[in-house]
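Just so we're on the same page: letters track the sequence lines, and every chain starts at 1.
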There are 2 protein chains.
Amino acid sequence: MGRDAQADDLEVRLRLAGLKVTAPRVAVLGVLATSGHLDAEAVFSQVSTPLPKTSLQAVYGVLAALVSAGLVRKIEPAGSAALYEARVGDNHHHMVCLNCKSVEDVDCVVGESPCLTPSNMNGFAVQTAEITFWGLCSQCQTAVP
Amino acid sequence: MGRDAQADDLEVRLRLAGLKVTAPRVAVLGVLATSGHLDAEAVFSQVSTPLPKTSLQAVYGVLAALVSAGLVRKIEPAGSAALYEARVGDNHHHMVCLNCKSVEDVDCVVGESPCLTPSNMNGFAVQTAEITFWGLCSQCQTAVP
DNA sequence: CAGTTGTTTTGATTTACTCAAAACAACTAT
DNA sequence: ATAGTTGTTTTGAGTAAATCAAAACAACTG
C-alpha cells in the first residue's frame with residue numbers, strides 16, 4: 001500500500017465514493033485539496049508535473065467523475081471558465097474579484113437560512129441558493145484604484 | 001419622427017444613454033422589453049423577423065453596447081449561454097430550473113440587505129450580491145417527478 | 001449636406017468543452 | 001497470481017458560444 005498518508009486518504013475518499021482509484025484521479029483530487037478554485041487547464045498543468053502523460057481530456061473526465069460523485073464542487077462564475085474545489089458538503093459561497101477574477105470562499109452568510117427565501121416562488125421548488133459576491137479583492141483595491 | 005409610442009420610448013432610452021439610435025438597437029431593446037432572459041441566438045432569431053439583414057455578430061455588438069450603457073443586464077447561469085434582460089436598476093435575482101433551464105425573476109429576498117453580508121470579508125470590497133436559486137419550475141415538477 | 005464618428009457586415013479565429021473509438025488499467029473472482 | 005470484466009484514459013475530431021478585425025456603411029454634428 002501507499003506509504004504517503006495524504007495519498008492514502010485520497011484513495012480512501014475515491015473508494016468510498018465508489019470510484020476506481022487511478023493515478024490521474026488521485027493527482028487531481030490532491031491538487032484540488034491543496035489549492036481550490038482552479039479551472040480545468042490549471043488542474044491539468046499541475047497534474048502534468050507528476051503525471052506528464054495525463055491528457056487534458058482525462059482531466060475533464062476525472063473532474064466530471066469527481067463532481068458527480070460529490071467529491072468535488074464545480075462553480076461557474078460569469079466571465080470565467082468552470083472552477084473546481086475540493087471543499088464540499090458545506091453550502092459555502094464565493095466572492096469573485098471583478099478585476100482579477102480571483103475567488104475566495106465565504107464560509108456562511110449572516111442570518112443565512114431565513115433570509116434566503118425568495119419572496120415570490122411562483123410554484124418554483126427551490127433546492128439550493130447560490131450566492132456570488134462581486135467586488136474587489138484586497139490586492140486589486142490598492143492596485144486598481 | 002416615429003409614430004409608434006413604444007419605438008419612441010426605446011429611442012429615447014438609447015439617446016439618454018448616449019447611444020446612437022440604429023434599427024438593430026431599437027429592435028434588440030424591443031425584443032428584450034417584451035420577453036426577458038433570452039440568449040444572443042434567441043434575440044437574433046426574434047430580431048431577424050423585422051430586420052432579416054441583421055447579423056448575429058451585430059446582435060452581440062448591440063447587446064454588449066446595451067449592457068455597458070446600463071440598459072440591459074446580462075446574466076450567466078451555470079450551464080446556459082449568457083442571457084439578457086431589459087429589467088435593470090433594481091437588484092433582483094433569479095430562479096433557474098435545473099431541468100429545463102428556464103429562468104424566472106425573484107423580485108427581492110426576504111430580509112434582504114442585512115442578510116447578504118458575507119461573514120468573513122478578508123479585505124474584499126463587496127459591490128453586489130448575486131443570488132441564484134436552483135430548483136424545479138412548476139412545469140418540470142409535474143413533468144419530471 | 002458633407003464630414004466625422006461610431007456601427008454593422010463579413011469572415012476568420014479562439015476558447016472551453018464534448019464526443020467517440022480504440023488502447024489500456026483497475027478491480028473481481030477464480 | 002492471473003484471466004476476465006468493467007470502466008478509464010488516450011487520441012483525435014468536433015461543437016457551441018463568443019470574440020476579433022477590416023472594410024462597408026449609417027447616424028449624428030456643424
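A donor and an acceptor atom sit less than 3.5 Å apart, one in the side chain of A:Lys20 and one in the base of D:dT6.
Between A:Pro24 and B:Tyr60, it is A:Pro24 whose nearest contact on DNA chain D lies nearer the 5' terminus. Positionally, the nearest nucleotide of DNA chain D for A:Lys53 lies more toward the 5' end than for the other of A:Lys53 and B:Glu76.
Within the structure, a side-chain polar atom (N or O) of B:Arg15 is placed less than 4.0 Å from OP1 or OP2 of D:dC28.
What separates CZ of A:Arg25 from C1' of C:dC27 is a distance of 12 Å, to the nearest Å. Rounded to an integer number of Å, the gap from A:Glu41 CD to C:dT14 P is 15 Å. If you take CG of A:Asp39 and P of C:dA16, they are 7 Å apart, rounded to a whole angstrom. What separates CG of A:Leu19 from C1' of C:dT28 is a distance of 17 Å, to the nearest Å. Rounding to whole angstrom units, CG of residue A:Leu56 and P of C:dA16 are separated by 10 Å. The distance between atom CG of B:Leu63 and atom C1' of C:dT8, rounded to the nearest whole Å, is 14 Å.
Counting only heavy atoms from C-beta on, B:Ala81 has its side chain closest to D:dA18 among D:dA18, C:dC17, D:dT10. Checked against C:dT7, C:dT9, D:dT8, the side chain of A:Thr22 finds its nearest nucleotide in D:dT8. In the set C:dT10, D:dC28, D:dT8, the nucleotide with an atom closest to the side chain of B:Ser55 is C:dT10. Among the nucleotides C:dT9, C:dC27, D:dT11, the one closest to the side chain of B:Gln57 is C:dT9.
Contacts of A:Ala65 with the nucleic acid, taken as non-hydrogen atoms under 4.0 Å apart, are absent.
Between A:Leu71 and A:Leu32, the closest side-chain pair of non-hydrogen atoms is not below 4.5 Å.
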Run A:Glu85 and A:His92 through side chain to side chain contact (heavy atoms under 4.5 Å, CB included) and show every step you take. CA-CA 11 Å; A:Glu85 62 184 348; A:His92 72 273; 3.0 Å; yes
Do B:Arg15 and B:Val21 pass the side chain to side chain contact (heavy atoms under 4.5 Å, CB included) test, and can you show the C-alpha distance, the side-chain angles, and the key distance before you say yes or no? CA-CA 7 Å; B:Arg15 262 182 242 283; B:Val21 176; 3.6 Å; yes
Go through it in stages, so that I can follow the logic: the residues are A:Arg13 and A:Asp8, the test is salt bridge (charged side-chain N to carboxylate O under 4.0 Å, His left out), and I'd like the CA-CA distance, side-chain angles, deciding distance and then a yes or no. CA-CA 9 Å; A:Arg13 280 202 252 168; A:Asp8 280 356; over 6 Å; no
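B:Val26 and B:Tyr60 fall within the same hydrophobic cluster, defined by Ile, Leu, Val, Met, Phe, Trp and Tyr side-chain heavy atoms under 4.5 Å apart, directly or through other members.
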